[in-house]
Every structure is written in C-alpha cells, then in structure tokens.
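Everything on this sheet refers to the single structure shown next.
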Amino acid sequence: MAQAHAASVLADVTSDSQTNQEAVTNGGGIEPLVGLLTTGVTLDAKAEAAGALWSLSTAGTKQQTKIREAGAIAPLITLLKDDTAPRAQ
C-alpha cells in the first residue's frame with residue numbers, strides 16, 4: 001500500500017512541474033516505478049505506477065527514452081491486457 005501511495009504522490013508532483021519531472025528522473029525514480037509495474041502486489045499499485053510514468057513521460061523525449069530503456073513498455077502492455085482490471089460499465 002505504501003508503494004502505491006508513493007507512486008501516486010510522484011504522479012501528482014510531476015504532473016505540472018518540469019522541475020519535479022527532472023528531479024524524479026535524475027533521482028532514479030523511473031526504475032522503481034517500472035519495478036512496481038511488474039512486482040506490485042495490487043492492481044492499484046501497478047495503476048499508480050503507470051500513472052506516475054505517464055506524468056513523467058509528458059516531460060519530453062528524455063524521460064520517454066529513460067522509461068523505455070527501463071523496460072516499461074512490456075509491463076504496461078501486460079497491464080492493459082490484465083483481465084482483473086476494473087472495467088467501465
């Protein structure tokens with residue numbers, strides 16, 4: 001649960017701040033978020049990690065490249081295909 005909250009906070013603080021996006025990227029935050037995509041215990045934790053990565057990806061090519069190089073693409077696709085994900089009614 002703490003990891004999901006941490007990912008949520010990272011998503012929030014990076015949503016409109018290029019300075020914070022750079023700080024998270026340069027501080028090594030991308031790799032743990034990608035790790036949470038694959039090892040997160042709950043779907044919520046994985047979703048929060050995906051949201052944080054989305055927020056970081058809006059910063060530009062540098063962050064997008066680092067996200068790809070950290071191995072995020074395959075786990076994001078897996079999350080998309082997850083049958084346990086809540087569906088809109």
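For reference, positions follow the sequence shown, starting with 1.
In this structure, OG1 in T25 is found 4.0 Å from CD in Q63, a value given to the nearest 0.5 Å.
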Review item, side-chain donor-acceptor pairs of residues 26-49, under 3.5 Å, at least two apart:
| from | atom 1 | to | atom 2 | distance (Å) |
| --- | --- | --- | --- | --- |
| N26 | OD1 | K62 | NZ | 3.2 |
| N26 | ND2 | E22 | O | 3.3 |
| T38 | OG1 | G35 | O | 3.0 |
| T39 | OG1 | G35 | O | 2.8 |
| T42 | OG1 | A45 | N | 3.0 |

Enumerate, atom names and distances included, each donor-acceptor pair closer than 3.5 Å involving a side-chain atom of residues 64-71, sequence neighbours excluded.
| from | atom 1 | to | atom 2 | distance (Å) |
| --- | --- | --- | --- | --- |
| Q64 | NE2 | S57 | O | 2.9 |
| T65 | OG1 | T61 | O | 2.9 |

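S55 and A11 make their closest contact through OG-O, 3.2 Å (heavy atoms, listed as atom of the first residue, atom of the second, distance). Considering all non-hydrogen atoms of both residues, T14 and N20 come closest at CG2-O, 3.8 Å. In terms of heavy-atom proximity, A7 sits nearest to A52 at O-CB, 3.5 Å.
Remark: T78 engages no residue in a side chain to side chain contact (heavy atoms under 4.5 Å, CB included) (not counting sequence neighbours).
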